[in-house]
There are 2 protein chains.
Amino acid sequence: MHADKAVVIGLNAAIVTVSDDQPKILVVPHEETDGASGWDALPFGPFNPVRHRTLEIGLRSWVQEQTQLELGYVEQLYTFGDRGRHSLETDAPGEHVVSVGYLALTRGYDETLKGAAWCDWYRYFPWEDWREGKPPIIDQAIVPLLREWAGRQSEAPPEELARGKRRDRMRLCFGVDDVAWDDEKALERYELLYSAGLLLEAARDGRPNARGLTGKHAPNLGRPMQFDHRRILATAMSRLRAKIKYRPVAFELMPPSFTLYELQKTVEALLGLHVHKQNFRRLVENAGLVERTGRMSTRTGGRPAEQFRFRREVLNERPAPGLKLAPSRSRANS
Amino acid sequence: MHADKAVVIGLNAAIVTVSDDQPKILVVPHEETDGASGWDALPFGPFNPVRHRTLEIGLRSWVQEQTQLELGYVEQLYTFGDRGRHSLETDAPGEHVVSVGYLALTRGYDETLKGAAWCDWYRYFPWEDWREGKPPIIDQAIVPLLREWAGRQSEAPPEELARGKRRDRMRLCFGVDDVAWDDEKALERYELLYSAGLLLEAARDGRPNARGLTGKHAPNLGRPMQFDHRRILATAMSRLRAKIKYRPVAFELMPPSFTLYELQKTVEALLGLHVHKQNFRRLVENAGLVERTGRMSTRTGGRPAEQFRFRREVLNERPAPGLKLAPSRSRANS
DNA sequence: TTATATATGCTCACAATGAGTATATTTAGG
DNA sequence: CCTAAATATACTCATTGTGAGCATATATAA
């Protein structure tokens, strides 16, 4: 009776760290399945309800076993009923997997991890890194392809309306016309590109692309991942970029002692944006998020910076704030 | 091999509407299980991965079947590996249920629903409604009980530290001392009360309460629910209260045409707070969220108000904003 | 010594926000 | 008809938060 309802729960973790001013994600280079040979995967483990009382306990357990990494902050992202969206063929027949995505932060230890490796997350999302200005891939590839897609015949009857909606989606997601870039829309952008058939995952799942072509003619925007793993990663990015602004999660990625500029660099790496330096300091200090250690940084290159540490007490004072920052338009004061 | 990993997915929906200025939740009065006789439950349905491609489709499907309600906005909340927290005894032996909680909004049709009924959500959370000022239950019952709990012997070794943390949690959650009340902390408050053993669910799960008593001696704060359903509802409240401030979801609960004051009343009902009327109008109008219909409200009692409708176009203009509002301290201008 | 690079302090204009006052338009009741 | 009460709506004002830039301090390299 329950046979067709029984499923296996898979836990996927987007484990994030920042080192050398780059946000990195732990990936398993390429998995057994041949259908997606060479495509990276997020670390994955099944949930065993007998052994682990909660999903998070189960997650921490196998991550610990497999990677020896100690996770700091852990947050549930989303539960998907269909792993690879429309292509369930890769599952074992008769077995249904529901996957629960998690975001986890860890301080970057560059240990060698058996089977897994740290990879710059912008390799999967080259359009998300605006620290050096607008990524050329947007104007060179993405926007033209999306325009084509938006102008295409739609399946649904209200022809003009559908086109207009597609155009609006593009404008809002990629900051065309005078719309501002919103770093938190990473997931929406991924989904838009997927809908438009511009990602290899979409081709894999049999969606027509912008030129109405399927399969190998799909454009290749960013590195693909197995199943819906790139989507999970996009969810993680969106969530983390949002969260950093109202909760002090950035400190989970910092060493015990750091300079304000190092903190800023970490935040910028995650947001993929530049931040106004003086205002960033003002914000961090006024919010009472840090306290001076007295020690100075011995780095070379200019006046030494003071080292700070995270003020854990903020968590008990006000409802601990985050780093509400705005991108700095000019690159002058970087 | 997979036998111990196989689980059944349960979908729980917190279906919310607002009518007569009261936020209401659809509940199933009392379920079959006798262990929790008389405790309300959220509508529940199993997920069948063969019949439905995604979790949300599955959810919409059985809600439609069972209630004939048409859901507008639907959002996934959280996935729990343990339904009743520590008490899994109520599950059928050998069957594990992972439940996925959903928030759904619907315009309040007061149809008679077979087996289900609309219930004011503040009956489950009497401390969350501050529209008539601070609810007396807080100072009369909650804070004293929490103080007792905070002062209690802790199990963990660092005695003083644990007490301090409990006191801080209480302060931040319930706005003791000079901490401001935060309407979005509904979930944190529920979890705090649960931890402190002040809810019947906690007693059911065998947690000691503030006086170190278990079972029937537990205080009764708000109406309890089956399994972890009240927790899911608290999650829904927190999420909705947060979301309303940056996404135009409130309109999902409004009729096609409404006055600004009706909109305000709906928002206030959800937030459990009073809002400054003039500033509310300014906000809603400046954000371009509404447009005039020209028609006037024929209600009695004073100058007629103009009817507005939701401006769907905002969704395509800017990244559609919500109703960023602050509680008004004085009740003067309500 | 000077150029350069970074850190840090400070100012200023402007927008957003909280709160209040003033006025308009209705009904209820004499 | 007049007035009080109730509600709707317009406008003002002080305060705060935020974006941006200038100025100064302290290091290293040539």
Side-chain angles (χ1 to χ4, degrees), chain A residues 21 180-183 245-246 257-265 267-268 271 273-308 318 321-334, chain B residues 21 180-183 245-246 257-265 267-268 271 273-308 318 321-334:
Chain A
D21 298 338
W181 175 261
D182 182 352
D183 59 283
K245 287 160 199 155
Y246 62 96
S257 175
F258 48 84
T259 70
L260 293 187
Y261 194 49
E262 286 163 358
L263 178 64
Q264 181 183 340
K265 283 295 194 183
V267 169
E268 288 180 336
L271 299 186
L273 288 175
H274 266 292
V275 160
H276 188 283
K277 189 168 172 173
Q278 295 93 319
N279 291 347
F280 180 80
R281 310 183 108 260
R282 176 176 63 186
L283 182 76
V284 173
E285 294 191 294
N286 289 352
L289 286 165
V290 296
E291 62 190 357
R292 301 170 183 280
T293 64
R295 277 170 303 167
M296 297 302 251
S297 163
T298 60
R299 292 192 326 92
T300 168
R303 173 172 167 179
E306 185 163 1
Q307 304 245 343
F308 289 77
R318 76 208 80 186
L323 302 166
K324 278 216 175 166
L325 15 80
S328 92
R329 231 152 290 288
S330 70
R331 299 228 33 230
N333 240 313
S334 78
Chain B
D21 299 338
W181 175 261
D182 182 353
D183 59 282
K245 287 160 200 157
Y246 62 96
S257 175
F258 48 84
T259 70
L260 294 186
Y261 193 50
E262 286 164 359
L263 178 63
Q264 180 183 339
K265 283 295 195 182
V267 169
E268 288 180 337
L271 300 185
L273 287 175
H274 265 292
V275 160
H276 187 281
K277 188 169 174 176
Q278 296 93 319
N279 290 347
F280 181 80
R281 310 183 109 260
R282 176 175 66 185
L283 182 76
V284 172
E285 294 191 292
N286 288 353
L289 285 166
V290 296
E291 60 191 357
R292 301 172 183 279
T293 64
R295 277 170 303 168
M296 297 304 251
S297 164
T298 60
R299 291 192 327 91
T300 169
R303 173 174 169 179
E306 185 163 1
Q307 303 245 344
F308 290 76
R318 78 209 77 188
L323 303 167
K324 278 216 175 167
L325 15 81
S328 91
R329 230 153 291 287
S330 70
R331 299 228 35 230
N333 242 314
S334 76

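Chain letters run A, B, ... following the sequence lines, proteins first and then strands; every chain starts at 1.
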Student check: side-chain heavy atoms of V284(B) and Q264(B) closer than 4.5 Å:
no
If you round to the nearest 0.5 Å, how far is CG of L323(A) from CG of L263(A)?
6.0 Å
What is the distance, rounded to the nearest whole Å, between atom CG of L283(A) and atom C1' of dG19(D)?
12 Å
Which heavy atom of P304(B) sits nearest a heavy atom of S297(B), and at what distance?
CB-O, 3.3 Å
Rounded interatomic separation in angstrom, taking CZ from R281(A) and C1' from dT18(D)
17 Å
Any donor-acceptor N or O pair under 3.5 Å, side chains T293(A), Q307(A)
no
Please find the pair of heavy atoms, one from K265(A) and one from D21(A), that lie closest to each other, and give the distance.
CB-OD1, 3.3 Å
Spacing between Q278(B) atom CD and dT12(D) atom C1', to the nearest angstrom:
12 Å
Let me know the distance between NZ of K277(A) and C1' of dA23(D), rounded to the nearest Å.
15 Å
In whole Å, what is the span from the CZ atom of F280(A) to the P atom of dG19(D)?
13 Å
Taking the side chain of E285(B) as its heavy atoms from C-beta onward, which of dA8(D), dG9(C), dA10(D) lies nearest to it?
dA10(D)
E262(A) CD - dT8(C) P separation (whole Å):
11 Å
What is the distance from NE2 of H276(A) to C1' of dC10(C), rounded to the nearest Å?
12 Å
From R292(B) atom CZ to F308(B) atom CZ, the distance as rounded to the nearest 0.5 Å:
4.5 Å
Between dT17(C) (C1') and N286(B) (CG): distance, integer Å
12 Å
Between the protein and nucleotides 27-30 of chain C, list the N/O to N/O atom pairs that are separated by less than 3.5 angstrom.
none

Which comes earlier along DNA chain D counting from the 5' end, the contact point of P304(B) or that of R303(A), where each point is its nearest nucleotide?
P304(B)
Taking dA20(D), dA8(D), dA10(D) as options, the one with an atom nearest any side-chain atom of N279(A) is dA20(D)
Kindly say whether, by distance alone, the side chain of R282(B) makes a donor-acceptor pair under 3.5 Å with the base of dG18(C)?
yes
Among dC12(C), dA7(C), dA10(D), which is the nearest nucleotide to the side chain of R292(B)?
dA10(D)
Drop me the distance from E306(B)'s CD to S257(B)'s OG, to the nearest 0.5 angstrom.
9.5 Å
